Amino acid sequence: MDKWILIDGNSIVFRAFYAMPPLTNSAGMHTNAVYGFTTMLLKLLEEEKPTHMLVAFDAGKVTFRHEGYEDYKGGRAKTPPELSEQFPVLKDLIRSFGIAQFELPGYEADDIIGTLTRMADERKVETLIVSGDKDMLQLASDHVTIALTRKGVSEVERYNPQEIMDKYGLTPLQIIDLKGLMGDASDNIPGIPGVGEKTALKMLHEYGSVEEVLAHSGELKGKMKEKVAAHEEDARMSKKLATIFREVPLDDEEGVKAYNGYDPAELAEAFHKLEFRSLMERLELPEVGSAGSEAAAEINHNLVSLNDLKTEELEGLLSGASNVYIEAIGDNPHHAELLGLAIPVEDRMLAITAEELLSEAGKPVRQWLGNPDVRKYGYDLHKADLTLHWRGIDLCGTDFDVLLAAYLLDPTESNQTLVYLMQRYQLPAIQSDEAVYGRGAKFRVPEHGILIRHLAAKANAVRELVPLQQKALEDTGMSKLYYELEQPLAIVLAGMEKQGIQVNAGTLEELGSELEQGIARCKNEIYTHAGMEFNIGSPKQLGEVLFEKLGLPAMKKTKTGYSTDADVLERLEPYHGIIPLILQYRTLAKLQSTYVEGLLKEIRRNSGMVHTYYRQTIAATGRLSSQFPNLQNIPIRLEEGRRIRKAFVPSEPGWTILAADYSQIELRVLAHISGDEKLKEAFIADMDIHTKTAMDVFGVSADEVDSNMRRQAKAVNFGIVYGISDFGLSNNLNISRKDAGRFIEQYFEAFPGVRGYMDNIVLQARNDGYVTTLLERRRYLPDIKASNFNLRSFAERTAMNTPIQGTAADIIKLAMVRMDEMLRERKLRSRMLLQVHDELVFEVPGDELELMKTLVPEVMEGALKLDVPLKADVNYGVNWYEAK
DNA sequence: TGCTTCACG
DNA sequence: ACGTACGTGAAGCAC
């Protein structure tokens, strides 16, 4: 038994286009109508198992219907280009399915189908017509069923003559009369004005046809009578236009063709181009192309934009979203340009520009970003948060950040781009930012489609990387570190950065003019000593003056010439009066350029605030770094520079700057992780650790330790923390390598547990290939087995230093997260502003000062329980300088 | 852009 | 024999 299926191509394509959300492939081609059409086709093939199939299309704009009525289909909106571009694609796809298609100039799809169903009736072949057009019902017969699309495209309602009778009380042919009376706005068929479906049905039930209605118009009541009389001709013409022409001249071989199934390879190729990945899976089609090839690199998603979606559709889409990529261009997130964002949801990808995000239509997306209950996965959301903040958009609910995770998984890897991460996890490559945007002066935001696709590719990368990294964190024992420390900290940091710290420009300017005078004086005196003018800031020119013109002994060389660093100059001091002037000049010039001028440039003119950016993914040990400006290297050691700190003031009148710093945190950490009893005792007794070290290294009593001995012991302690070598210590203390070696030996005899730790940690690094902090932060040391002495030695010192510096970093990070919680819980107005590795800076209102003086050190000291107590000292004042 | 120098912990 | 202290960022110079 044959079974024919005849599809009204144009009708179904239009239905599909308006029923489906707007999708595009990664080349920017719209595919939604094709997709909808395809799902309908697949359903038909599966459920109906046709022996013959044909898709009919309208051909050309002018049909025979226009001959009698020029305005046929007039006033119809032009087919949107997003749809018309899909016709050739669809026709190709139908070919790939192995399904016949037909169109004939001058005729519409209905007429072709009408003609074919006439043939089907004659041959008594069971036939199904698929269309969205109710006109088709006129073709129903004992052998012909009409499937009309309902909601969407794949849901249909079937009509045979009986069902048409049940629903309308009409025979199939009376459907033509129905339209003759009603007309059809979409085809510009007039019908009788004022006659809708209800009236038309009533009339037809009464009189049976247009002709009979017109003949009995006199029996109608009131206005209807007039209208029918006035539009007799319209009604007749309308009926004619609505009648499907069933005598299209078709050759026999143009009839319905047998359907023999599709070639999987051919269909796979077509689906691949369209990026219908889910359909490929559904049909279990073969993969196209090989992994790693260009084909595999294509992104399988269907792009959606805002104006393609109704608000409810957008909200529905977002309700299932968790991944996001937000593009912010520029190194400084406080000034970065927001380009756009992409949010993948299942097989769709919402990708929008910053402009769209900020528009009215972007509101649901902004709400989604700001909803703390929606867990979000992204890439560098800390930066995104700041960039969005300055555009008035909140970003909340950050739960996983690919960049932050990549940092924990390998903190020494400087390349943490998505491009690199995709490669590292052997996922399909994505385009580099440089390829899309250009670099430096060549930077350009590309045209919309290219930008959107790049954002989409990155959002897709995020989605693919998240589960892999989550597993990797689990496997390396860093999940807790991630979720309980680093991720919460990122949010705390962003808060501190948004808050900023008040910097008094006037104070800096005053200091600047003082410095200027000092610099001018130095300059003149230096020129006098040198007997010539030159650029003191040029190490090359300075080297020539000192070592050639003045004939001073060159102590060190750099790659490019003489070294003129402070270490060299200090040793040259006895030889020439120019040296202290150069040192002084350097100090003043540094203060002027970096701290006065540099800082002034960073003060926001309207608010007087400075907003630094803490980078959480830079330092290999787990420390933070600070940029734009760096507020972790504001001078303190020399009084001249320390005065810079006077410019750092509270942002509210009557408030106080409060600074708390850990005392000897790294040596306390060393005491804990080495387990050295003597070192632990020293801290438990809260001794001055450098004096204690001097006593043990020099074998003297406390009151015999002079300032020089303490200074040297302090250097030894530093050396221990850094991973000591006799060379390093000898250099630092300006003593012989032998003497330095003796100090070290003495130290290890006094603190044998420390020696044990140092030996052990190096062995451990050699065994595992990495070292860890107390919180399981990891740092890989591939050079630990290097044959190159330098590389190996460096790795060994790093093995000794990283657990110490890194654990100290863990501790203050814990304290920051706890402190942030504490301020919220207690609803305090005090604000945490800065972190400087072992120090936290707050601004505190007067009525909270007493509380904060005890609360801050309590939280800091209680951040992590060690075998030795942690100690934090608190100071406060009207500015950062006074908080000493 | 790389190098040197120097500010901090 | 080798030959650096550990971790950062910013500025200015020279190429």
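In this text, all values refer to a predicted model and were calculated from it rather than measured experimentally. A note on names: the letters A, B, ... follow the listed sequences, proteins ahead of strands, and every chain is numbered from 1.
Nucleic acid contact class of Thr802(A) (heavy atoms, under 4.0 Å, all strands): none. Within 4.0 Å (heavy atoms only), Lys540(A) reaches sugar-phosphate atoms of the nucleic acid but no base atom. Among the heavy atoms of the strands, none lies under 4.0 Å from Ser793(A). As judged by a 4.0 angstrom heavy-atom cut-off over every strand, Val721(A) is placed among residues making no nucleic acid contact. At the heavy-atom level, Phe727(A) lies under 4.0 Å from base atoms of the strands shown. Here Ser725(A) lies in heavy-atom contact (under 4.0 Å) with a base. If you check every strand for non-hydrogen atoms under 4.0 Å, Ile634(A) touches sugar and phosphate atoms only. Among the protein residues, Asn633(A) comes within range of the nucleic acid bases, having at least one heavy atom under 4.0 Å from a base atom. At a threshold of 4.0 angstrom between heavy atoms, the contacts of Ala566(A) are confined to the sugar-phosphate backbone, with no base atom among them. Here Ala715(A) lies in heavy-atom contact (under 4.0 Å) with a base. Residue-level contact check: Ala809(A) touches neither bases nor backbone, having no heavy atom under 4.0 Å from any strand. In this structure, Gln805(A) reaches the bases: a heavy-atom distance under 4.0 Å links it to at least one base atom across the strands shown. Across all strands, Gln541(A) comes closer than 4.0 Å only to sugar-phosphate atoms, never to a base (heavy-atom distances). Residue-level contact check: Ile618(A) touches the backbone only, with heavy atoms under 4.0 Å from sugar-phosphate atoms and none from bases.
Between Ser538(A) and dA14(C), a side-chain N or O to OP1/OP2 separation shorter than 4.0 Å is present. Contact annotation: Ser626(A) side-chain N/O to dT8(C) OP1/OP2 distance is not under 4.0 Å.
Atom CZ in Phe789(A) sits roughly 13 Å away from atom C1' in dA5(C) (whole-Å rounding). A straight line from CG of Asp726(A) to P of dC2(C) spans 15 Å, rounded to a whole angstrom. Taking atom CG of Leu781(A) as the reference point, atom P of dC6(C) lies 13 Å away to the nearest angstrom. What separates CD1 of Ile744(A) from P of dT4(C) is a distance of 16 Å, to the nearest Å. dA7(B) atom C1' lies 12 Å from atom CZ of Phe648(A), rounded to whole Å. Remark: P of dC8(B) and CG of Asp838(A) are 13 Å apart, rounded to the nearest angstrom. Taking atom NE2 of His837(A) as the reference point, atom P of dG9(C) lies 9 Å away to the nearest angstrom. Here dC2(C) presents its P atom at 16 Å from CZ of Arg797(A), a figure rounded to the nearest Å.
Scanning atom types as modelled, no donor and acceptor separated by under 3.5 angstrom connect the side chain of Thr558(A) and the base of dT4(B). One donor-acceptor pair, N or O on each side, does fall under 3.5 Å between the base of dG9(B) and the side chain of Arg637(A). Not a single donor-acceptor contact under 3.5 angstrom links the side-chain atoms of Arg586(A) to the base of dG12(C).
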- Message: Please evaluate residues Asp696(A) and Lys692(A) with respect to the criterion salt bridge (Lys or Arg N to Asp or Glu O under 4.0 Å), reporting the C-alpha separation (whole Å), side-chain torsions for both, the decisive distance (0.1 Å), and the verdict.
- Response: CA-CA 6 Å; Asp696(A) 290 329; Lys692(A) 168 68 176 161; 3.3 Å; yes
- Please assess His837(A) against Tyr662(A) for the test ring-ring contact (aromatic ring centres under 6.0 Å, His included), listing each intermediate value before the final yes or no. CA-CA 9 Å; His837(A) 308 307; Tyr662(A) 280 112; over 10 Å; no
- Query: Between Phe743(A) and Tyr747(A), is a ring-ring contact (aromatic ring centres under 6.0 Å, His included) present by the stated rule, with each step listed?
  - Reply: CA-CA 6 Å; Phe743(A) 281 180; Tyr747(A) 180 93; over 10 Å; no
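Ranking dT5(B), dC13(C), dA5(C) by closeness to the Asn535(A) side chain, first place goes to dC13(C). Closest to the side chain of Phe628(A), from the set dA10(C), dG12(C), dA5(C), is dA10(C). Counting only heavy atoms from C-beta on, Pro635(A) has its side chain closest to dA7(B) among dC13(C), dA7(B), dG7(C). Checked against dG7(C), dT8(C), dC8(B), the side chain of Ser625(A) finds its nearest nucleotide in dT8(C). Of all nucleotides listed (dA10(C), dC8(B), dG12(C)), dC8(B) comes nearest to the side chain of Ile636(A). Listed candidates were dG9(B), dG7(C), dA10(C). Nearest to the side chain of Tyr722(A) is dG9(B). Distances were taken from every side-chain heavy atom of Arg623(A) (C-beta onward) to each of dT8(C), dG9(B), dC6(C); the shortest belongs to dG9(B). With dG3(C), dC6(B), dT8(C) as the candidates, the nucleotide lying closest to the side chain of Ala619(A) is dT8(C). Candidate nucleotides dC6(B), dG9(B), dT4(B) were compared by shortest atom distance to the side chain of Asp565(A), and dC6(B) ranks first. For Lys559(A), whose side chain is taken as the heavy atoms from C-beta onward, the closest listed nucleotide among dG12(C), dC3(B), dT1(B) is dC3(B).
For the P atoms, the distance linking dG3(C) with dA7(B) amounts to 28 Å, nearest Å. Here, dT4(C) and dC3(B) have their P atoms 16 Å apart, quoted to the whole Å.
Screening Glu570(A), Glu573(A), Gln584(A), Arg571(A) for a side-chain contact (heavy atoms from CB on, under 4.5 Å) with Ile579(A), the sole residue that qualifies is Glu573(A).
Environment of OH in Tyr575(A): sparse, with no more than 12 heavy atoms of neighbouring residues, nucleotides or ligands closer than 6.0 Å.
At distances below 3.5 Å, at least one donor-acceptor pair connects side-chain atoms of Arg792(A) with backbone N or O atoms of Ala786(A). Judged by distance alone, with hydrogens and angles left aside, the side-chain atoms of Glu497(A) form a donor-acceptor pair with the main-chain N or O of Tyr614(A) at under 3.5 Å.
What you find for Arg645(A) and Ile634(A) is that their closest heavy atoms are NH2-O, 2.8 Å.
Ring geometry for Phe628(A) versus Tyr613(A): interplanar angle under 30°, hence parallel rather than tilted (30 to 60°).
For Pro629(A) and Pro539(A), each mapped to the nucleotide of DNA chain C holding its nearest heavy atom, the one lying further toward the 5' end belongs to Pro629(A).
Under the Watson-Crick or G-U wobble criterion, with both distances below 3.5 Å, dC2(C) is left unpaired in every strand shown.
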